[in-house]
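One structure is given below, encoded as structure tokens.
Numbers for residues simply follow the sequence, beginning at 1.
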Amino acid sequence: MPQCHARLRTPLTFAIALVAALAGALFAPEALAQSFEEGSHAATLVIGAGRQLERNYTVLGGRFGTYFVRDFEASVAAEVWRGNDPSIVKITPELRYVYSRRLSIKPYLGIFVSRSFISHLPDTNTYGMKGGAYFTLSPGAYFGIGAVYERIESCNRSDYGDCSNTYPEVSLHFLYY
């Protein structure tokens, strides 16, 4: 593992645990009884490791969504890819399905498109899918782990090297009504 990722691991683990504990204390269980139901909202913090332009990055982001039907969420995310040059910023609308029926582990699948702003290169569009599972931390607070597959539209291999990318994703997912 590159040295910069090793330096980030302990503080990020602590930060994730702290945010999860605070979220569990801040959100009242009665307000979260409608989790994954139509009209409930989600806020998500994401950390991952990605590869783009034949370089490794740390991916940090956030996502806000609304459940428009039980278990179906429409959301928009913003990510920054740091730790290498050039820097990358992504804006990503997504549709996600969460199987929330009486399981402590809640599998999810999502599809998305994104717009990537890469310093010193033309902006790009990507599309892809993701899947994983949420693990219940407390009412309305979930720890998520999954994988993302994405493909660059109209990719020029001389600029991007590999035109598709698969990377892990770890998240904290908070629901409120």
**Prompt:** For the side chain of Asp71 and the backbone of Tyr97, is there at least one donor-acceptor N/O pair under 3.5 Å apart?
**Reply:** no
**Asked** Under the side chain to side chain contact (heavy atoms under 4.5 Å, CB included) criterion, do Ile152 and Gln52 qualify, and how do the steps go?
**Response** CA-CA 10 Å; Ile152 300 171; Gln52 194 77 248; 3.1 Å; yes
**Asked** Does a side-chain heavy-atom distance below 4.5 Å link Phe72 with Leu95?
**Response** no
**Complete:** Shortest non-hydrogen pair, Arg55 vs Pro86, comes out as NH1-CD, 4.1 Å
**Prompt:** Taking the side chain from Thr44 and the backbone from Gly62, do they hold a donor-acceptor pair closer than 3.5 Å?
**Reply:** no
**Item:** OG1-NE2 distance between Thr136 and His173, expressed to the nearest 0.5 angstrom
**Value:** 10.5 Å
**Item:** Test salt bridge (charged side-chain N to carboxylate O under 4.0 Å, His left out) applied to Arg70 and Glu38, step by step
**Value:** CA-CA 5 Å; Arg70 181 186 169 119; Glu38 179 179 347; over 6 Å; no
**Prompt:** Hey, are the side chains of Thr124 and Ile118 touching, using non-hydrogen atoms and a 4.5 Å cut-off?
**Reply:** yes
**Request:** I would like to know whether Tyr108 and Tyr99 meet ring pair (Phe, Tyr, Trp, His ring centres under 6.0 Å); could you show each step before the answer?
**Result:** CA-CA 6 Å; Tyr108 67 84; Tyr99 185 79; over 10 Å; no
**Message:** Run the ring pair (Phe, Tyr, Trp, His ring centres under 6.0 Å) test on Phe36 and Tyr67 for me, step by step, so that the C-alpha distance in whole Å, both residues' side-chain angles and the decisive distance to 0.1 Å come before the verdict.
**Reply:** CA-CA 6 Å; Phe36 303 105; Tyr67 286 84; 5.6 Å; yes
**Request:** Starting from the C-alpha separation in whole Å, work towards a yes-or-no answer on salt bridge (charged side-chain N to carboxylate O under 4.0 Å, His left out) for Glu73 and Arg63.
**Result:** CA-CA 11 Å; Glu73 177 192 12; Arg63 192 169 61 83; 2.9 Å; yes
**Request:** Could you grab the distance from atom CZ of Phe112 to atom CD of Glu94, nearest 0.5 Å is fine?
**Result:** 7.5 Å
**Request:** Begin with the C-alpha distance, continue with both residues' side-chain angles, and end with the deciding distance and a verdict on side chain to side chain contact (heavy atoms under 4.5 Å, CB included) for Ser75 and Arg96.
**Result:** CA-CA 8 Å; Ser75 65; Arg96 182 177 294 216; 5.7 Å; no
**Asked** Quick one: are Phe117 and Ile91 in side-chain contact, heavy atoms under 4.5 Å?
**Response** yes
**Prompt:** Could you state the interatomic distance from CZ (Arg82) to OH (Tyr57), rounded to the nearest 0.5 Å?
**Reply:** 9.5 Å
**Asked** Among the clusters formed by ILVMFWY side chains lying less than 4.5 Å apart, do Val46 and Val113 turn up in the same one?
**Response** no
**Asked** Roughly how far, to the nearest 0.5 Å, is the NE2 atom of His41 from the CG atom of Leu175?
**Response** 10.5 Å
**Request:** Mark yes or no: Lys130 above the aromatic ring of Tyr149, with NZ or CZ under 6.0 Å from the six-membered ring centre and no more than 45 degrees from the axis.
**Result:** no
**Item:** Residue from Ser116, Ser114, Ser164 passing side-chain hydrogen bond (donor to acceptor under 3.5 Å, both in side chains) with Thr126
**Value:** Ser114
**Message:** Test side chain to side chain contact (heavy atoms under 4.5 Å, CB included) on Ser171 and Tyr142; report intermediate values, then the result.
**Reply:** CA-CA 8 Å; Ser171 64; Tyr142 302 87; over 6 Å; no
**Request:** Using the rule that two of Ile, Leu, Val, Met, Phe, Trp, Tyr join whenever any of their side-chain heavy atoms come within less than 4.5 Å, decide whether Val59 and Leu121 are in one cluster.
**Result:** yes
**Request:** Consider only side-chain heavy atoms of I, L, V, M, F, W and Y, link residues closer than 4.5 Å, and tell whether Leu137 and Phe174 are in one cluster.
**Result:** yes
**Prompt:** Are Leu53 and Trp81 joined in one hydrophobic group, where the rule is that I, L, V, M, F, W and Y side chains link up if heavy atoms are under 4.5 Å apart?
**Reply:** yes
**Prompt:** Is there a path of hydrophobic side-chain contacts, each under 4.5 Å between heavy atoms of I, L, V, M, F, W or Y residues, that connects Leu109 with Ile145?
**Reply:** no
**Message:** Using a 3.5 Å distance criterion without hydrogens, assess whether the side chain of Asn125 forms a donor-acceptor pair with backbone atoms of Arg115.
**Reply:** no
**Request:** Kindly determine whether Glu150 and Lys90 satisfy side chain to side chain contact (heavy atoms under 4.5 Å, CB included), including the steps that lead there.
**Result:** CA-CA 12 Å; Glu150 117 181 277; Lys90 288 186 178 184; 2.5 Å; yes
